[in-house]
Chemist: 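Starting off with a structure, shown below.
Just so you know, these numbers come straight off a predicted model, no measurement behind them. All ligand and atom numbering here is 1-based and tracks the order in the structure.
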Amino acid sequence: MTERSEIEPVARVINGKAIAARLTGEIGKAVATLRSVHGVQPGLAVILMGDDPASQVYVRNKARQTVAAGMQSFDHNLDGSAPESELLDLISRLNSDPSAHGILVQLPLPDHINVNLVMEAIDPAKDVDGFHPVNVGRLATGEAGLVPGTPLGCIILAKDVTPDLTGHEAVVIGRSNIVGKPVAQLLLAENCTVTIAHSRTRDLPGVVRRADLLIAAAGVPELVQGDWVKPGAIVIDVGINRVPAPERGEGKTKLVGDVAFDSVSQVAGAITPVPGGVGPMTIACLMRNTVQAACSIHGIDYVEPIVDSEKAV
Ligand code: NAD
């Protein structure tokens with residue numbers, strides 16, 4: 001369901017949902033080949049601790065799409081008050097379970113859990129979220145490894161508009177370990193000139209105006225305004241923010257990104273919507289990573305699925 005107003009965008013609206021569906025379709029074919037030719041069925045284990053409703057929805061979607069792609073899905077639910085040692089024991093068991101090629105611990109974790117310790121407990125070969133320091137290091141040094149899904153999804157969407165990003169001025173808003181920093185590394189690998197802006201950046205609009213490619217991942221509703229954006233720029237909006245929508249009725253809410261869609265879509269060359277942009281790519285890239293992990297564990301060459309470009313009309 002679209003949650004935007006009636007203003008017609010000038011920019012091409014990048015259909016993340018359609019691109020993710022095509023990627024998932026290609027992954028399904030790769031899984032079928034792995035099963036029939038190599039006798040390997042990739043498996044993804046997802047650990048959910050506690051009963052956060054948003055996390056429960058994410059975990060359900062991941063399980064559904066994993067099974068739809070022909071893979072095995074293993075769900076593990078731990079009580080929100082379970083000791084850290086219980087979570088670490090479970091990870092240790094999954095590390096040595098040959099049917100689990102990918103292990104994902106749904107974030108956020110309860111306050112009494114040391115997130116870094118948990119990430120470091122996952123076997124880097126099964127770290128399909130790409131948060132283990134070994135995979136972070138591989139990304140930074142340009143070695144092959146597992147790359148976080150959301151940043152990877154951002155790059156696939158940007159390259160759907162411009163397959164060669166070489167020489168682009170790229171600006172990333174946000175320096176988190178899960179989005180901002182890894183997406184900046186991926187942009188460097190694509191030969192972009194990269195600036196990372198954050199909450200202490202001076203003159204954010206001035207920095208953003210330099211961008212041929214903007215990745216907004218600040219978690220601030222509609223932070224980026226139309227007059228901040230270079231005409232023709234590619235704008236990838238990672239933000240997912242739930243805000244009040246009194247125009248829809250009392251107590252109603254809606255999702256918005258970190259980009260003011262109506263004004264920016266009048267200036268940009270291409271833009272991702274929220275919802276329906278980066279969000280669907282995150283799970284598709286997780287599926288991709290699970291296949292990559294299964295191939296690597298079994299010594300099978302991983303072939304990157306080709307996703308046909310969706311051209312602007
Ligand atoms: P975070 O809170 O960990 O990091 C936010 C970053 O933005 C920080 O580095 C901070 O310095 C910067 N920032 C905050 N306010 C700013 C401002 N006013 N100006 C400039 N920089 C500012 O958040 P995160 O985990 O990186 O997530 C960012 C957003 O992306 C959130 O809205 C989150 O919900 C969304 N997200 C979406 C997906 C997806 O699948 N689409 C996945 C992960 C995160």
Side-chain angles (χ1 to χ4, degrees), residues 3 14-17 19-21 23-24 46 52-62 65 104-109 111 115-116 119 128-131 136 139 147-158 160 170-187 194-211 214-225 228-229 235-243 253-261 264 271-289:
E3 302 211 4
I14 304 169
N15 189 341
K17 212 170 155 186
I19 296 169
L23 177 56
T24 309
V46 177
D52 174 53
S55 295
Q56 285 173 334
V57 172
Y58 288 137
V59 167
R60 262 202 307 277
N61 282 341
K62 283 169 187 169
Q65 294 201 31
L104 180 148
V105 179
Q106 183 66 41
L107 300 178
L109 285 166
D111 288 345
V115 181
N116 290 339
M119 294 300 131
V128 282
D129 251 345
F131 296 154
V136 175
L139 178 59
V147 173
T150 302
L152 192 56
C154 292
I155 302 296
I156 295 172
L157 293 180
D160 194 69
V171 172
V172 178
I173 309 178
R175 55 176 163 181
S176 74
N177 290 337
I178 66 166
V179 189
K181 284 180 198 158
V183 86
Q185 296 285 3
L186 288 171
L187 290 165
V194 184
T195 303
I196 306 177
H198 46 77
S199 53
R200 305 291 178 88
T201 295
R202 284 191 210 136
D203 185 21
L204 184 62
V207 172
V208 169
R209 265 180 217 117
R210 299 205 300 257
L214 174 68
I215 313 267
V220 179
E222 303 186 317
L223 172 70
V224 177
Q225 300 295 312
W228 296 20
V229 171
V235 177
I236 308 290
D237 190 353
V238 185
I240 302 177
N241 310 289
R242 191 160 282 286
V243 297
T253 61
K254 63 177 177 180
L255 287 182
V256 297
D258 289 352
V259 172
F261 185 89
V264 174
I271 185 168
T272 59
V274 176
V278 175
M281 293 301 290
T282 298
I283 297 189
C285 289
L286 172 68
M287 304 290 108
R288 176 214 168 274
N289 284 356

Chemist: Just to check, does Gly180 reach to within less than 4.0 Å of ligand 1 when the distance is taken from its heavy atoms?
Modeler: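 Heavy atoms of Gly180 never come under 4.0 Å of ligand 1.
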Chemist: Testing Ile236, Ile271, Val224 one by one against Leu214 for a side chain to side chain contact (heavy atoms under 4.5 Å, CB included), which residue passes?
Modeler: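 Passing option: Val224.
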Chemist: Among protein heavy atoms, which sits nearest to atom 20 (C) of ligand 1, and what does the distance come to when rounded to 0.1 Å?
Modeler: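 Of every protein heavy atom, His198 O, 3.2 Å lies nearest to atom 20 (C) of ligand 1.
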Chemist: Under the 3.5 angstrom rule, does the side chain of Ser176 hit a backbone N or O of Val179 as a donor-acceptor pair?
Modeler: yes
Chemist: Using heavy atoms and a 4.0 Å limit, tell me yes or no: is Ala197 in contact with ligand 1?
Modeler: no
Chemist: Counting only heavy atoms closer than 4.0 Å, does ligand 1 sit against the backbone of Val238, its side chain, both, or neither?
Modeler: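 For Val238, backbone and side-chain atoms both sit under 4.0 Å from ligand 1.
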Chemist: Look up atom 2 (O) of ligand 1 and tell me if a protein heavy atom lies less than 4.0 Å from it?
Modeler: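 Flag for atom 2 (O) of ligand 1 set to false, no protein heavy atom closer than 4.0 Å.
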Chemist: Quick one: does Ser199 get an N or O within less than 3.5 Å of an N or O on ligand 1?
Modeler: yes
Chemist: Tell me whether Leu223 has any N or O atom under 3.5 angstrom from an N or O of ligand 1.
Modeler: no
Chemist: When you measure from the side chain of Asp258 to the backbone of Leu223, do you find a donor-acceptor pair of N or O atoms at a distance under 3.5 Å?
Modeler: no
Chemist: Should Pro182 and Leu139 count as side-chain neighbours, where that means a heavy-atom distance under 4.5 Å?
Modeler: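 Yes - at least one pair of side-chain heavy atoms lies under 4.5 Å apart.
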Chemist: Among the heavy atoms of Thr201, does any lie under 4.0 Å from an atom of ligand 1?
Modeler: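 Checking ligand 1 against Thr201, which is what was asked, there is no heavy-atom contact under 4.0 Å.
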